[in-house]
2 protein chains.
Amino acid sequence: MSLQHAILGFLSLRSMTGYDLKKSFDRSASHFWPGNQSQIYRTLSKLTELDFVDVDVHERGDLLPTKTYSITPSGRQHLHTWLSTPLGERPVREPFLLQLFFGGLLSDDEVLALIQSEIALTEDALKQYEALKEPPTPPESKEDKRKVFFSLLTLEFGLHANETYLRWLTSIKERIEAQDYTAQWTKEPS
Amino acid sequence: MSLQHAILGFLSLRSMTGYDLKKSFDRSASHFWPGNQSQIYRTLSKLTELDFVDVDVHERGDLLPTKTYSITPSGRQHLHTWLSTPLGERPVREPFLLQLFFGGLLSDDEVLALIQSEIALTEDALKQYEALKEPPTPPESKEDKRKVFFSLLTLEFGLHANETYLRWLTSIKERIEAQDYTAQWTKEPS
DNA sequence: CTGTCCATGTAAGGCGTTACATGATTGT
DNA sequence: ACAATCATGTAACGCCTTACATGGACAG
């Protein structure tokens, strides 16, 4: 659906090769949109066909040529349209919730092991987000500050989402350990 | 990846037709795992090939026959293995974060419109979760209570996740309206 | 007589993953 | 000598979506 747009987004910042794009994804987008190497190359071919990007080919003898991709005006427009169009409802797919939903078929110990593993993953993710907090940002211009702001928002989201998730995981772990099989809201005197 | 397991999960509760499965998904799993009709039928065929389900065919003259699917012992075992195996890291794909990440290319008004739409969707989702809270549950046996508990957990998750999301969306909306382009954590005197 | 429910499927296409394949250059 | 980095791709397969197609039964 949107790898195309992610690529156009990066190319709107600067022209680069497929290889550089892959690095851009890994460095700054992998937390909310992973970029698969072979898919990046296939998508670049398609974007070229669609005239959303131009290619500059540098031959290298018997090696495959290096190709530098640039966004075209039409690509820029396409990107802008996508960026400014609200998305509408999107399907949710949470395999862990699927496991929990059928948790009745497992023993408490088995469920606790699942939860524990999920807690460990979440704590790891949180550590990584914490490490990315407050990168060395010297005084910037107002426009720069605004650009940086938007890219930092994705980290903010990751932090909040994972913190909430971790709290919830811990709470269900505790309830199961106490064999207290009640939903949280049944306790609150609403 | 897991529609197979979701189907096996439902069939482990009772045998049913593809049509009934679709209704089961819509009624109780669509919040964390949507079940696409045509995919359900194709997956049932595959599960049959794998001997994870059995089919009971009821001919109906010139109509397509009705087929009742049941889980086999081997299917039950496969399900149990999947349910009790921790998942490991899974990729995240959040198109809205992708839009925000490149928000620097949009005007404040355009970004605010995106956020507003996302807020509306989230409020809607929250309303639906609220409506599902506390369904009429007469006194149950201990085992029943445990089973219900696990299925209610998915609603709990939906509530918490959406509440957190909504709070965050509101906070970024306010910051943009105030033209205060600072990440939240840069304010906290850590 | 119109629409909703019951009940089944096929076809085509897009998106994503994994594995495989090549080969120069640079650093340890 | 060996590994990492630079740089490109193909092939095969799986999952998911959308659209299309059929047709009886029953309720308003």
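Note that this is a predicted model, so its numbers are computed, not measured. The chains referred to below are lettered A, B, ... by the order of the sequence lines, with proteins before strands, and numbering in each begins at 1.
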* **Contact state string [nucleotides 16-25 of chain D, B base, S sugar-phosphate only, - no protein heavy atom under 4.0 Å]** => BBBB---SS-
* Asked: In terms of the angle between their ring planes, are A:Phe150 and B:Tyr181 parallel, tilted or perpendicular, with boundaries placed at 30° and 60°?
  ->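 A:Phe150 and B:Tyr181: tilted rings.
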* To do: Using the six-membered ring wherever Trp is involved, compare the ring planes of B:His5 and B:Trp82 and label them parallel, tilted or perpendicular (cut-offs 30° and 60°).
  =>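 Rings of B:His5 and B:Trp82: parallel, under 30°.
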* To do: Measure from the side-chain heavy atoms of B:Thr66 and tell me the nearest of C:dG9, C:dA7, D:dT5.
  =>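 Nucleotide nearest to B:Thr66's side chain: C:dA7.
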* With the threshold set at 4.0 Å, does a side-chain nitrogen-carboxylate oxygen contact exist between B:Asp20 and B:Lys23? ->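 Yes, this pair counts.
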* **Sidechain N-carboxylate O distance under 4.0 Å for A:Arg42, A:Glu49** =>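 So A:Arg42 does not pair with A:Glu49 through a salt bridge.
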From [atom1] of [X] over to [atom2] of [N], roughly how many Å is that when rounded to an integer?
| X | N | atom1 | atom2 | value |
| --- | --- | --- | --- | --- |
| A:Phe25 | C:dG16 | CZ | P | 10 Å |
| A:Glu49 | C:dG14 | CD | P | 11 Å |
| B:Lys22 | C:dC5 | NZ | P | 13 Å |

* For the atom pair CZ (B:Arg167) and OG1 (B:Thr122), what is the distance rounded to the nearest 0.5 Å? ->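 The CZ atom of B:Arg167 sits 12.0 Å away from the OG1 atom of B:Thr122.
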* To do: Would you please say whether a donor-acceptor pair under 3.5 Å links the side chains of B:Thr154 and B:His31?
  =>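 Side chains of B:Thr154 and B:His31: no pair found under 3.5 Å.
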* Asked: Contact class for B:Lys46 (heavy atom, under 4.0 Å): base, sugar-phosphate, or nothing?
  ->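 Sugar-phosphate contact only.
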* Asked: So what does A:Lys67 touch, heavy atoms closer than 4.0 Å: a base, only the sugar-phosphate, or nothing?
  ->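 It contacts sugar-phosphate atoms only.
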* OP1 or OP2 of D:dC6 less than 4.0 angstrom from a side-chain nitrogen or oxygen of A:Lys23, does that happen here? ->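 For D:dC6, OP1/OP2 do have a side-chain N/O of A:Lys23 under 4.0 Å.
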* Report yes if a side-chain nitrogen or oxygen of A:Tyr41 is closer than 4.0 Å to either non-bridging phosphate oxygen (OP1 or OP2) of D:dG9; otherwise report no. =>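 For D:dG9, neither OP1 nor OP2 has a side-chain N or O of A:Tyr41 closer than 4.0 Å.
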